[in-house]
Amino acid sequence: MDVYEHPFWEEKSEKCLQCGSCTIVCPTCYCYDVRDEVSITLESGERIRVWDSCLLPDFTKIASGERFRKSKLDRYRHRFYRKGLYIPLRYNFIACVGCGRCIKACIPKIANPAEAINTILERKSESKGKLIYKLPEGIEAKASFVPEPAVIKRIETLTESEKLFEIEMMARDKFDFQPGQFVEVSIFGVGEAPISISSPPSENNRFELVVRKVGSLTGKLHSMREGDKIGIRGPLGKGFNTKEMEGKDLLFVAGGIGIVPLRSLIKYILSENNRSKFGKIFILYGSRTPKDVLFMDEIREWEKIRDVEIKLSVDTCPEGMSWDGCVGVVTTLFPKIEIKDPKNTVAVVVGPPVMYKFVIRCLKDIGIRDEDISVSLERRMKCGIGKCGHCQISGVYVCKEGPVFRYSEIKDLPEAFS
Ligand SMILES: Cc1cc2nc3c(=O)[nH]c(=O)nc-3n(C[C@H](O)[C@H](O)[C@H](O)COP(=O)(O)OP(=O)(O)OC[C@H]3O[C@@H](n4cnc5c(N)ncnc54)[C@H](O)[C@@H]3O)c2cc1C
Ligand code: SF4
Ligand code: SF4
Ligand code: FES
């Protein structure tokens, strides 16, 4: 564990061709991608698993372009840590049977796990950094790989790139979920995408999704109409712990479409039945430009509720648009609020990957403790239930043990915050 920053990783990974052969030939590597293959008549098809490799640069790439293992070194080292630490911790065995296939397949001859471990042990004194690693508490995913039928009941255009979809589960009377959980939206022939639930829990079988159009599945969803059928798997992942928030002041910080999962939590907390269980509520919400602000009408309604203070910012206000809020990134809103009792305040942060470290610095400055900060993290996801390996941050499955984490649980994982 204390060899995370060992120079060995750099020396070897420099030669890596990023071909992925070491993982493809390995009998114990099992990470995969999911694709839809459709017949030439478009009348039938199947959803298939295809091998994928954590050595390939796009393995962790998300819609905003962020890659969570940016360098060859990160990806090269991850393979050894997965085999030698993350899997042993989780399942109690080493994920290498010593078959030697990777040694043969690797052209620059750098894939040999035995060589890596022996060299590092011999040169242990050269190590600089330590990986502090503990598995967060997980939940058992109840969902299967099979999507359930659902129908789009209502579509609302929110901005140029975001639409709201009200979904009804056709084979269920009630759809139970926690704010912060997500579903895998499935369109046959196109694929699946993880999307957060944006409405609060209800007594019926309906819920809302807000989807930004960025690629094939989200593009197809944007072209669909009310009454069209889709598939849903879920609810998936671990949501916000609302019990722990009771009796506390709450500070919500949202960036961009981070407001989408937060809306589920905010509406739950502000509902008539629940409002009295929580203290004062602060909402800081930053968007790119005024036309990207989501749920403005609802925000105006939330502001009218007792002890709710909301501050909005936009990164820029282009000519021709009007804006009476703050111009600047979301952290410029912090001086505008006064948190009187930081030790009795829970903060919840959801936004683009780049936002977290700056917001967390502000939270620490005002005295909010690490264990009182919750974050919801976006990662590339395929299976959504801890099988395909795509969403891992240093061995933690974001789809299963997250996407909501207590900051104190994951702050020491080097891959958690870029
Ligand atoms: C837990 C979670 C909750 C999310 N909630 C929302 C939400 O509420 N609203 C919303 O608009 N978006 C949300 N996203 C992002 C959304 O899943 C991606 O934008 C979507 O998967 C892109 O699919 P696509 O087929 O349209 O894009 P593609 O055509 O597949 O690719 C476009 C880009 O998206 C990236 N991408 C592809 N597949 C995934 C994937 N499975 N996960 C992440 N990135 C991917 C690709 O690397 C590429 O850069 C969420 C993601 C996660 C992990
Ligand atoms: S030696 Fe280990 S890591 Fe290499 S292919 Fe065989 S099982 Fe996989
Ligand atoms: S086989 Fe060798 S060169 Fe190819 S990705 Fe694996 S370590 Fe890199
Ligand atoms: S998305 Fe497959 S393991 Fe998390």
Side-chain angles (χ1 to χ4, degrees), residues 21-36 49 52 57-68 79-80 82-84 94-106 111-117 141 145 158 161-165 180-185 187 190-198 208-222 234-239 256-264 294 350 352 376-393 395-404:
S21 305
C22 49
T23 54
I24 297 300
V25 296
C26 178
T28 66
C29 276
Y30 58 85
C31 293
Y32 62 86
D33 196 4
V34 181
R35 292 195 197 142
D36 281 18
R49 288 192 276 180
D52 205 345
D58 282 357
F59 187 78
T60 58
K61 187 176 165 220
I62 59 165
S64 58
E66 185 87 26
R67 288 185 179 87
F68 295 97
R79 171 172 169 261
F80 293 100
R82 178 136 162 94
K83 295 199 168 297
I94 290 176
C96 172
V97 293
C99 66
R101 286 175 195 162
C102 57
I103 305 171
K104 272 197 188 156
C106 178
N112 184 345
E115 187 200 357
I117 292 165
F145 288 107
L158 301 180
S161 50
E162 277 102 11
K163 282 186 180 180
L164 181 147
F165 298 84
Q181 285 191 292
F182 67 96
V183 292
E184 284 280 352
V185 174
I187 301 178
V190 183
E192 290 192 308
I195 303 290
S196 304
I197 302 171
S198 189
E208 289 170 355
L209 305 175
V210 173
V211 180
R212 175 176 288 175
K213 185 177 165 184
V214 293
S216 48
L217 186 125
T218 51
K220 180 71 185 169
L221 198 59
H222 269 240
L236 300 171
K238 195 175 76 177
I257 58 168
I259 193 72
V260 167
L262 264 186
R263 175 177 176 254
S264 170
L294 291 165
V350 194
S376 177
L377 299 183
E378 184 182 350
R379 284 299 185 273
R380 176 141 191 165
M381 289 183 184
K382 284 292 164 183
C383 68
I385 52 175
K387 307 288 181 205
C388 74
H390 267 276
C391 67
Q392 293 174 84
I393 41 174
V396 171
Y397 293 117
V398 176
C399 65
K400 192 173 156 188
E401 282 122 13
V404 174

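Ligands are counted one by one from 1 in listed order, and the atoms in each one are counted from 1 as well.
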More than 12 heavy atoms from other groups under 6.0 Å of NZ on K387
no

Between R67 and P57, is there a donor-acceptor pair closer than 3.5 Å when you use the side chain of the first and the backbone of the second?
yes

So C29 and K83, do their side chains get closer than 4.5 Å, heavy atoms only?
yes

Counting distance only, does the side-chain N/O of H390 pair as donor-acceptor with the main-chain N or O of Y32 below 3.5 Å?
yes

Honestly, for R79 the part within reach of ligand 2 (heavy atoms, under 4.0 Å) is side chain

Checking R212 side chain against S161 main chain: does a donor-acceptor pair fall under 3.5 Å?
no

Contact residues of ligand 1 with a heavy-atom cut-off of under 4.0 Å?
K61, I62, A63, F182, A193, P194, I195, S196, V210, V211, R212, V214, G215, S216, L217, T218, I257, V260, E378, R379, R380, M381

Polar protein atoms near atom 4 (Fe) of ligand 2 [N, O or S; cut-off under 2.8 Å]:
C102 SG

Keeping the roles fixed (side chain from H222, backbone from V214), state whether a donor-acceptor pair exists under 3.5 Å.
no

Result, protein N, O or S atoms below 2.8 Å from atom 4 (Fe) of ligand 4, excl. waters, equals 2

Is any side-chain heavy atom of I385 less than 4.5 Å from a side-chain heavy atom of F145?
yes

Sequence neighbours left out, what passes side-chain hydrogen bond (donor to acceptor under 3.5 Å, both in side chains) with D36? Give chain and number order.
R47

Should we say atom CD1 of I94 is surrounded by more than 12 heavy atoms from elsewhere, each under 6.0 Å from it?
no

Counting only N and O atoms by type, is there a donor-acceptor contact under 3.5 Å from the side chain of S198 to the main-chain atoms of R263?
no

Taking the side chain as every heavy atom from C-beta outward, state whether K163 and V211 have any pair of such atoms under 4.5 Å apart.
no

Just so I know, are the side chains of P113 and R79 near enough to count as touching, which here means a heavy-atom distance under 4.5 Å?
yes

Evaluate K382 against D33 for side-chain contact (heavy atoms from CB on, under 4.5 Å), listing each step before the verdict.
CA-CA 7 Å; K382 284 292 164 183; D33 196 4; 3.0 Å; yes

Does NZ or CZ of R82 lie under 6.0 Å from the centre of the six-membered ring of Y397, at an angle within 45° of the ring axis?
no

For ligand 2, which atoms have a heavy atom of K83 less than 4.0 angstrom away?
3 (S)

